[in-house]
Every structure is written in structure tokens, then in C-alpha cells.
Amino acid sequence: MNEELIIPNHIGIIMDGNGRWATQRGMVRSMGHKAGIDNLKKLLKHANEIGVKYMSLYAFSTENFKRDTKEVDFLMDAFVKKFTTDFHEIMETNCKVVFSGRGEPLPKKVLDAMASATEQSKNNTGPVLNICINYGGQWEIVDTTRKLCEMYKNGEITLDEITPESYNHYLYQDLPPLDFVIRTSGELRTSNFMPYQSSYAEYYFPKVLFPDFNEEEFDKALVEYNSRNRRFGGVKK
Ligand code: FPP
């Protein structure tokens with residue numbers, strides 16, 4: 001890859017198109033998720049090698065619980081496997097894993113696996129991997145507001161102390177803003193993915209389905225990011 005490229009500090013990926021990938025091959029949708037997970041393993045290794053510092057992944061939205069039980073169960077079991085028996089793969093990348101989302105109604109086995117992954121990787125010094133499970137951006141803002149209202153009520157914070165910067169600190173995870181959000185599969189939506197953190201992010205919507213969004217596609221995305229002129233509301237340079 002071109003060494004001159006600026007690597008976005010915080011990259012978000014909406015991993016879309018697993019179902020279509022499977023359907024196109026006459027397979028059940030879950031096989032698309034399996035292919036997505038295999039692809040993710042390669043992508044994480046690559047992102048680590050090229051120096052990505054923060055990566056946020058949309059793994060399961062609050063709305064995804066409306067899907068067929070078989071598909072939901074497959075994903076829940078896949079999360080458990082990834083954060084327990086297969087967790088050594090993530091540990092080898094030295095990533096620190098954190099999670100964003102609501103606990104309820106995730107099964108206990110998933111919550112336990114998430115807690116174990118957080119605990120095991122908490123002292124890792126490599127990239128931060130923020131995995132959004134049972135996540136909804138509007139809920140994140142509501143939960144944060146409720147937390148701040150409680151703090152205000154208890155005299156722990158004043159109104160003046162609530163600012164765009166301090167608000168970020170009370171979100172599910174206190175992470176730097178998203179610089180670049182990639183949604184695979186050609187859908188032009190952001191679907192409730194980290195709205196607060198992506199206020200100034202650049203978006204990229206490649207047509208390729210997530211299982212096919214390989215290292216080469218990731219590098220293409222970075223070239224695209226480097227062609228953008230980010231102004232943050234200022235004047236064009
Ligand atoms: C969207 O594709 C994808 C999902 C709802 C699940 C994504 C989850 C993974 C790739 C697994 C991540 C695992 C870990 C451990 C982080 P879709 O099913 O909506 O595809 P479609 O739009 O083609 O139907």
C-alpha cells in the first residue's frame with residue numbers, strides 16, 4: 001500500500017450484505033455471517049498492520065432482534081465463540097476490546113463472553129476495537145442523557161459542565177470522533193450507527209458485500225478517504 005496515505009484515526013464499519021452474499025450462492029443467510037466473520041478476521045489483522053488506532057464495528061443493532069430466530073441464534077453463538085474459544089485470535093493482534101450497546105435482552109452467555117473479552121484484553125496496548133452489539137445510536141444518546149440527568153439531580157454535574165466534548169465522555173465508550181465510516185453493499189444509509197461520534201465523519205459506500213470487502217477493498221477505501229478534503233465547517237484549503 002502507498003506509504004504516504006493518511007490512516008484515519010477512528011474507522012467505523014457497517015458490515016452489510018452478508019445475507020445477500022449467501023442468498024446469491026444458494027446458501028442460508030447464516031452462512032453469509034460466517035463468511036463475514038472469516039473476512040473480519042483478515043481485516044482486523046490488516047488494519048492492525050497498517051496502524052489503525054480505533055475501529056468500531058456494527059455487529060448487531062437493537063433492531064436485528066426482529067430477524068428470524070435461527071439467524072439471531074446463529075449470531076449470538078458466533079459472538080460467544082469469537083469472545084471465548086477463538087478469542088486468542090484477537091489477543092494476538094494486541095487489540096483492546098470494548099463494547100457499545102444495551103445489555104437487555106442479550107442472552108447471559110453472550111454478556112458473559114463480552115465481559116470475559118473485555119477483562120482479558122483490558123491491558124492490551126494495540127488498537128481499540130469497539131464492537132457494537134445490541135446497539136442503537138438513538139438509544140445511546142437517550143441512555144447518556146438519562147445518566148447525565150441522574151448526575152445533575154444528585155448534584156454531581158452542573159448544566160454548564162454539559163458540553164459537546166463532555167457529553168462524548170458519558171457515551172457507552174469515550175472514544176475519539178469517527179473519521180471515516182464505511183458501509184458495504186451499496187446501501188446509502190447510516191442506520192443508527194454512532195450518530196454522535198460521526199458528526200464530521202467522511203462516508204464511503206462501496207457496492208461490494210461485506211464477505212468480499214477484503215484487504216484490497218479496504219486499501220481502496222483508504223485511498224478514497226485521502227482524496228477527501230475535510231473542512232470541519234471551516235473554509236476550503
Ligand atoms: C448485515 O448484513 C450484517 C449483520 C446484521 C451482522 C454482521 C455481523 C458480523 C459480520 C459478525 C461480527 C462478529 C463479531 C464477532 C464482531 P445483512 O444480514 O443485513 O445482509 P443483507 O443486507 O444482505 O441481508
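Atoms within each ligand, like the ligands themselves, are counted from 1 in listed order.
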For ligand 1, does Leu40 get within less than 4.0 Å through its side chain, its backbone, both, or neither, judged by non-hydrogen atoms?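 The part of Leu40 near ligand 1 is the side chain, not the backbone.
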Contacting atoms of ligand 1, where contact means under 4.0 angstrom from a heavy atom of [X]:
X: Phe79; answer: 13 (C), 14 (C), 15 (C)
X: Lys82; answer: 15 (C)
X: Arg29; answer: 17 (P), 18 (O), 24 (O)
X: Asn64; answer: 5 (C)

Looking only at protein heavy atoms, which one is nearest to [atom], and how far off is it?
atom: atom 8 (C) of ligand 1; result: Ala59 O, 3.4 Å
atom: atom 10 (C) of ligand 1; result: Asn18 ND2, 3.4 Å
atom: atom 21 (P) of ligand 1; result: Arg20 NE, 3.6 Å
atom: atom 20 (O) of ligand 1; result: Gly19 N, 3.0 Å
atom: atom 4 (C) of ligand 1; result: His33 CE1, 3.8 Å
atom: atom 19 (O) of ligand 1; result: Arg67 NH2, 2.8 Å
atom: atom 11 (C) of ligand 1; result: Ile37 CG1, 3.5 Å
atom: atom 9 (C) of ligand 1; result: Met15 CE, 3.9 Å

Measure from the side-chain N and O atoms of [X] to the backbone N and O of [Y], and report whether any donor-acceptor pair falls under 3.5 Å.
X: Asn192; Y: Gln138; value: yes
X: Thr163; Y: Ser166; value: yes
X: His169; Y: Asp174; value: no
X: Glu161; Y: Thr158; value: yes

Flag the pair Leu178 / Tyr200 as yes when at least one side-chain heavy-atom distance between them is below 4.5 Å, and no otherwise.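 When only atoms from C-beta onward are counted, Tyr200 and Leu178 do not touch, as no gap falls below 4.5 Å.
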Please check if Met55 and Tyr203 belong to a single hydrophobic cluster, counting links between Ile, Leu, Val, Met, Phe, Trp and Tyr side chain heavy atoms closer than 4.5 Å.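 No; Tyr203 is not reachable from Met55 via cluster members.
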So is Glu187 in contact with ligand 1, going by heavy-atom distances below 4.0 Å?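 Judged by the 4.0 Å heavy-atom criterion, Glu187 does not count as contacting ligand 1.
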Contact between ligand 1 and Gly17 is defined here as a heavy atom of the residue under 4.0 Å from a ligand atom; is it met?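 Contact check Gly17 vs ligand 1: positive.
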So with a 6.0 Å cut-off around NZ of Lys41, is the heavy-atom count from everything else above 12?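 No.
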For the aromatic rings, using the six-membered ring if either is Trp, is the centroid distance between Tyr225 and Tyr204 under 6.0 Å?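 Not close enough - the centres of the two rings lie 6.0 Å or further apart.
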Glu140 and side-chain hydrogen bond (donor to acceptor under 3.5 Å, both in side chains): which single residue from Gln197, Arg102, Gln173 fits?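 Only match with Glu140 under side-chain hydrogen bond (donor to acceptor under 3.5 Å, both in side chains): Gln197.
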Note: Arg20-Glu187 ion pair, threshold 4.0 Å (strictly below):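 Yes, Arg20 and Glu187 are salt-bridged.
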